[in-house]
Every structure is written in C-alpha cells, then in structure tokens.
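In the text below, chain A, chain B and the rest are named by the order of the sequence lines, each starting its count at 1.
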There are 2 protein chains.
Amino acid sequence: MMHGKGHGPHAHCCDMRGMLSFLILFLLSKKPMHGQELAKELEKRKGDKPSPGTIYPALKALKEAGLIREKKSGKTITYSLTEEGERVLRFSKRQFCRIFMGVFPNRE
Amino acid sequence: MMHGKGHGPHAHCCDMRGMLSFLILFLLSKKPMHGQELAKELEKRKGDKPSPGTIYPALKALKEAGLIREKKSGKTITYSLTEEGERVLRFSKRQFCRIFMGVFPNRE
DNA sequence: TGTTATATATTGGACAACCGATATATTTAA
DNA sequence: TTAAATATATCGGTTGTCCAATATATAACA
C-alpha cells in the first residue's frame, strides 16, 4: 500500500524505482500473459530480453503486493491483474503522464 | 558511452534504472536550471520534492558522464546539456517512446 | 526410456533511486 | 558582525532493477 507520499516499502510504480513493475502491470492489463510472453513483449519494446533474474522477482513482488494473480497450467503460469491491480494501474498511469508530460512528441 | 546493450556502468537512461537521469536531462534541455529549480520542477510533476540526497548525486553522475556542464554563479550552479548530452537525450527519448508506447492516452 | 527444450525460480553482485541527517559555502537580514 | 536563510554536497541505509549462473519442473522428442 502507500503510493501518495514517499514512505512505505516498495513502490508498485512511479517512484522512479517502480517503473518495471508499472510496465508489467500495464502489459498484463492489455492481455494476461505468462512470464516468457511478457519477457518477449519487453524485448520488443526495450531491445533486449530481460533475464529470469529480473522478471520473476518482479512478478513475485507484484503477486505478494496483491496486484496480480497466478493461474497455473502445466509448466506455464498465466498472470492477470487483480481488482487492486487495476485500481493501482489507473492511479499509476495518471501519475506517469504527469511526470513525463512533454516527453512524448504528441500533443503538449 | 554505452547505451545499446546491458553492459557498462550506469545508464543515463532507459534502462529502467536511468529514469531519473533521463528526466533530469529532459528538463534541463527545455531550460538550463540550478539544483533547486530542478527540484521544484520535479515536485510539480511527481507530487513531492526529491531530497538533496537524490538530486545532487544524480547531477554529479551526469556531469561525470559528460552529459551536463556547470556554470557557477555565487551560491547557485546552473546546469545545461553538453553536445553529448543532447545526443544522448535524443536517443533516450526515442527509446522511451518505444518502451512506453500505449501508456499515454493520446495516439500511440 | 533418456534427451532436449521450455517455463519458472533463486542467488550473488552491481548500480540507480530514494530519504533523513549532516555539513559547508554564500547571500541576505538583523 | 552575527544570525538566518538558501544552495550545494556527502553519508548510511533501504529498495528496485539488472545480469549471469544455477536449479528444478514439466513437456516434447528421440
């Protein structure tokens, strides 16, 4: 919990430290995915594929924060947002847009 | 040096670890500022003011990387981008837009 | 069956981003 | 001149992001 002020452990987002978690939350909101799908999507965007040591701890933290849920099926685990995850993502997107206003070349 | 692949020390940007440096670079490109002005601009965007322990080490690292230059005048130091800083910012902005494509509600 | 490939997971080490506290220099006010 | 305010700077500690290496479980193949 805690996104308003600087205190509290972890940041699901928007502290500058929570950007990977934020991006993962955003990607999963568009389509539930398992870890490797997520890694490939991140590779498309960033240019190189995050290692397992990056992606799985991030997913674990999001799950422990109650923002995503798992659905296991054979060797894959599909992740999707919880209600709380949706709520946090909405908040984080507004925050993100305020912080990086002007960086995207579109309007303003 | 080094922005393409994962190696090398520090990231001026876009690794997820370099987001503050990236934002600082962007803000200074719009208007040269001293540290406190920068802190106030960040406060406007993020909602709370970064502490000196956040902002000054970041400026120091950018300076040591040759991306910004200082101009001292009395008790204030005005920071502005070097040629290399401009170049890196252009690269980083493209990278940023690719990574966060779709997050801004405008056109993606 | 055993081999190989895929998905998930952890560990150790490095660096970036953060705060609160503290310290120093300069400017302004008393 | 002394005191207070402002700007810059550093220190210690915590968390998040990152990789390479390693480990385990399941699936697909030989």
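- Listed by first and then second residue, the salt bridge (charged side-chain N to carboxylate O under 4.0 Å, His left out) pairs involving residues 65-76 of chain B are B:K63-B:E70 (not counting sequence neighbours).
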Exercise for review: Determine, for nucleotides 5-11 of chain D in 5'-to-3' order, which nucleotides have protein heavy atoms under 4.0 Å from the base (write B), from only the sugar-phosphate (write S), or from neither (write -).
Suggested key: -BSBBBB

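- Remark: A:A58 pairs with A:L20, A:I24 by the side-chain contact (heavy atoms from CB on, under 4.5 Å) rule, at least two apart or across chains.
- Under the side-chain hydrogen bond (donor to acceptor under 3.5 Å, both in side chains) criterion, B:R94 pairs with no residue, sequence neighbours left out.
- Between the CD1 atom of B:I24 and the C1' atom of C:dA17 there is a distance of 10 Å, given to the nearest Å.
- Heavy atoms of B:K49 sit under 4.0 angstrom from primed sugar atoms or phosphate atoms, though from no base atom.
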With a 3.5 Å cut-off and sequence neighbours excluded, list the donor-acceptor pairs that the side chains of residues 25-41 of chain B form with protein atoms.
residue: B:S29; atom: OG; partner: B:F26; partner atom: O; Å: 2.7
residue: B:K31; atom: NZ; partner: B:E37; partner atom: OE2; Å: 2.8
residue: B:H34; atom: ND1; partner: B:E37; partner atom: OE1; Å: 3.0
residue: B:Q36; atom: OE1; partner: B:K49; partner atom: NZ; Å: 3.4
residue: B:Q36; atom: NE2; partner: B:Y56; partner atom: OH; Å: 3.1
residue: B:E37; atom: OE1; partner: B:H34; partner atom: N; Å: 3.2
residue: B:E41; atom: OE1; partner: B:K44; partner atom: NZ; Å: 3.4
residue: B:E41; atom: OE2; partner: B:R45; partner atom: NE; Å: 3.1

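- Regarding A:E43, its CD atom lies at a distance of 11 Å from the P atom of D:dC19, rounded to whole Å.
- Contacts of B:R98 classified as side-chain hydrogen bond (donor to acceptor under 3.5 Å, both in side chains), with partners at least two apart in sequence or in another chain: B:Q95.
- Using a 4.0 Å cut-off, no side-chain N or O of B:S21 falls inside it from OP1 or OP2 of C:dA16.
- Straight-line distance from the CD atom of A:E64 to the C1' atom of C:dT10: 13 Å, rounded to whole Å.
- Separating the CD1 atom of A:I55 from the C1' atom of D:dC18 is a distance of 12 Å, rounded to the nearest angstrom.
- Residue A:K72 has no polar side-chain atom (N or O) positioned under 4.0 Å from OP1 or OP2 of D:dT26.
- Here C:dC18 presents its P atom at 15 Å from CG of A:L20, a figure rounded to the nearest Å.
- Using a distance-only test at 3.5 Å, with no hydrogens or angles considered, a donor-acceptor pair links the side chain of A:S92 to the main chain of A:V88.
- Aromatic rings from B:F96 and A:F100 are positioned such that their centres are separated by under 6.0 Å.
- Rounded to a whole Å, the CG atom of B:L62 is 11 Å from the C1' atom of C:dA16.
- Atoms CG (B:D48) and P (C:dC18) sit 9 Å apart, rounded to a whole Å.
- Counting to the nearest Å, the P atom of D:dC18 and the CE atom of A:M19 are 10 Å from each other.
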